[in-house]
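Data block below; observations after.
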Amino acid sequence: MPNRPQPRFPEPNTEYFWEGCKEGELRYQVNDATGEVVFYPRLHDPKTGSRELSWKVSRGEGTIYTFSVVRQNRMPNFIDLGAYSVAYIDLDEGFRIMSTIVGVDNPTKDISIGQRVRVEFEKQDEGEYPIPVFRPI
């Protein structure tokens with residue numbers, strides 16, 4: 001099992017997101033007045049300043065907007081991964097998240113822009129919060 005970095009402590013505006021990860025849910029916020037998606041988790045809408053935000057659960061499906069493959073990394077938590085991807089995924093609900101693509105043999109050849117993916121939650125050896133990662137559909 002990997003040991004990706006964990007949040008040091010969930011803050012009030014991110015705690016519900018991380019608790020969702022424990023429950024296998026990718027959670028995001030919506031501005032109650034405008035209906036616009038707010039992501040990453042915050043205490044207010046950065047466009048309007050409104051604190052009237054509701055939490056929703058994403059279906060967890062989207063497309064790869066862009067990605068890069070990391071071949072060398074000296075950070076201890078990532079050395080054992082070998083080559084891995086860093087990707088921006090556009091979720092169907094209208095927000096973008098940075099994550100990684102898992103379940104591919106060769107990240108350079110098996111990942112493509114526009115590819116459909118679905119969220120999974122990767123449990124860690126250390127730490128209590130699973131990390132949202134994406135697998136090709």
Side-chain angles (χ1 to χ4, degrees):
M1 277 284 166
N3 264 326
R4 297 184 196 270
Q6 294 279 294
R8 290 192 187 167
F9 50 88
E11 299 174 356
N13 54 326
T14 65
E15 185 172 18
Y16 195 70
F17 172 83
W18 288 110
E19 290 300 318
C21 291
K22 282 177 161 179
E23 296 176 21
E25 294 181 346
L26 184 60
R27 296 176 179 172
Y28 65 100
Q29 295 167 296
V30 173
N31 180 315
D32 293 339
T34 66
E36 288 198 36
V37 172
V38 175
F39 191 84
Y40 57 90
R42 326 173 187 217
L43 292 176
H44 67 279
D45 183 329
K47 291 181 183 174
T48 67
S50 173
R51 290 179 172 247
E52 301 300 319
L53 304 175
S54 296
W55 285 95
K56 305 285 183 187
V57 177
S58 170
R59 286 184 357 157
E61 294 184 4
T63 57
I64 297 173
Y65 172 75
T66 192
F67 73 99
S68 183
V69 177
V70 178
R71 298 184 193 293
Q72 290 185 324
N73 193 320
R74 292 180 177 87
M75 186 173 175
N77 297 58
F78 292 93
I79 289 174
D80 293 338
L81 292 176
Y84 65 93
S85 67
V86 176
Y88 279 111
I89 296 99
D90 286 338
L91 278 291
D92 293 346
E93 291 84 4
F95 65 97
R96 182 174 289 161
I97 186 172
M98 184 169 60
S99 185
T100 188
I101 308 301
V102 298
V104 296
D105 293 329
N106 183 334
T108 303
K109 293 182 180 179
D110 299 337
I111 299 172
S112 60
I113 292 172
Q115 185 174 21
R116 295 289 294 168
V117 291
R118 179 179 294 129
V119 73
E120 295 182 357
F121 295 90
E122 190 177 78
K123 295 188 190 285
Q124 307 298 296
D125 289 335
E126 297 174 12
E128 63 181 295
Y129 297 103
I131 304 296
V133 298
F134 289 79
R135 181 178 299 272
I137 297 176

Single-linkage hydrophobic cluster, 4.5 Å side-chain cutoff, Y16 and V37 together = yes
Worked verdict on Y129 versus K22 for side chain to side chain contact (heavy atoms under 4.5 Å, CB included) | CA-CA 6 Å; Y129 297 103; K22 282 177 161 179; 3.8 Å; yes
Taking atom CD of E52 as the centre, does the number of heavy atoms from other residues, nucleotides or ligands within less than 6.0 Å exceed 12?
-> no
Find out if a path of hydrophobic residues (ILVMFWY) with successive side-chain heavy-atom gaps under 4.5 Å connects V133 to V86.
-> no
Kindly work out whether a path of hydrophobic side-chain contacts (I/L/V/M/F/W/Y, heavy atoms less than 4.5 Å apart) joins V38 to L26.
-> no
Please determine, by modelled atom types, if D32 and S54 share a side-chain donor-acceptor pair under 3.5 angstrom.
-> yes
With rounding to the nearest 0.5 Å, note down the distance linking CG in L53 to CG in L43.
-> 8.5 Å
State whether the side chain of E23 and the backbone N or O of G20 hold a donor-acceptor pair below 3.5 Å, judged by distance alone.
-> no
Quick one: closest heavy-atom pair of P136 and V102, and the distance?
-> CD-O, 3.3 Å
Just by distance, do the side chain of S85 and the backbone of T100 share a donor-acceptor pair under 3.5 Å?
-> no
Return the minimal non-hydrogen interatomic distance between L91 and G60, and the atom names on each side.
-> CD1-C, 3.7 Å
Would you tell me whether T66 and R96 have side-chain atoms, one donor and one acceptor, within less than 3.5 Å of each other?
-> no
Between W18 and P130 the two heavy atoms that sit nearest each other are CZ3-O, 3.8 Å
Taken to the nearest 0.5 Å, the spacing of S58 OG from I97 CD1 works out to 8.5 Å
Reference residue F95; test ring-ring contact (aromatic ring centres under 6.0 Å, His included); the match among Y40, Y88, Y28, F17 | Y28
May I ask whether V104 and F121 are part of the same hydrophobic cluster, defined by side-chain heavy atoms of I, L, V, M, F, W, Y residues being less than 4.5 angstrom apart, directly or through others?
-> yes
Atom pair OG/CD of S99 and E120 - distance to nearest 0.5 Å = 10.0 Å
How far apart are the C-alpha atoms of E19 and E25, what are their side-chain angles, what is the distance that settles it, and do they pass the side chain to side chain contact (heavy atoms under 4.5 Å, CB included) test?
-> CA-CA 8 Å; E19 290 300 318; E25 294 181 346; over 6 Å; no
Is it the case that one hydrophobic cluster holds both I101 and I131, taking links as side-chain heavy atoms less than 4.5 Å apart, direct or via other members?
-> yes
Contact summary for R118 and E61, nearest pair of heavy atoms | NH2-OE2, 2.9 Å
Taking atom types as modelled and ignoring hydrogens, do the side chains of N31 and T48 form a donor-acceptor contact shorter than 3.5 angstrom?
-> yes
Rounded to the nearest 0.5 Å, what separation is found between the CD1 atom of I89 and the OG1 atom of T63?
-> 9.0 Å
Which pair of heavy atoms, one from F67 and one from P107, lies closest together, and at what distance?
-> CE1-O, 4.0 Å
Salt bridge present between K56 and E93 (N-O < 4.0 angstrom) = no
Spatial distance of atom CD (Q29) from atom CG (D45) [nearest 0.5 Å] = 9.0 Å
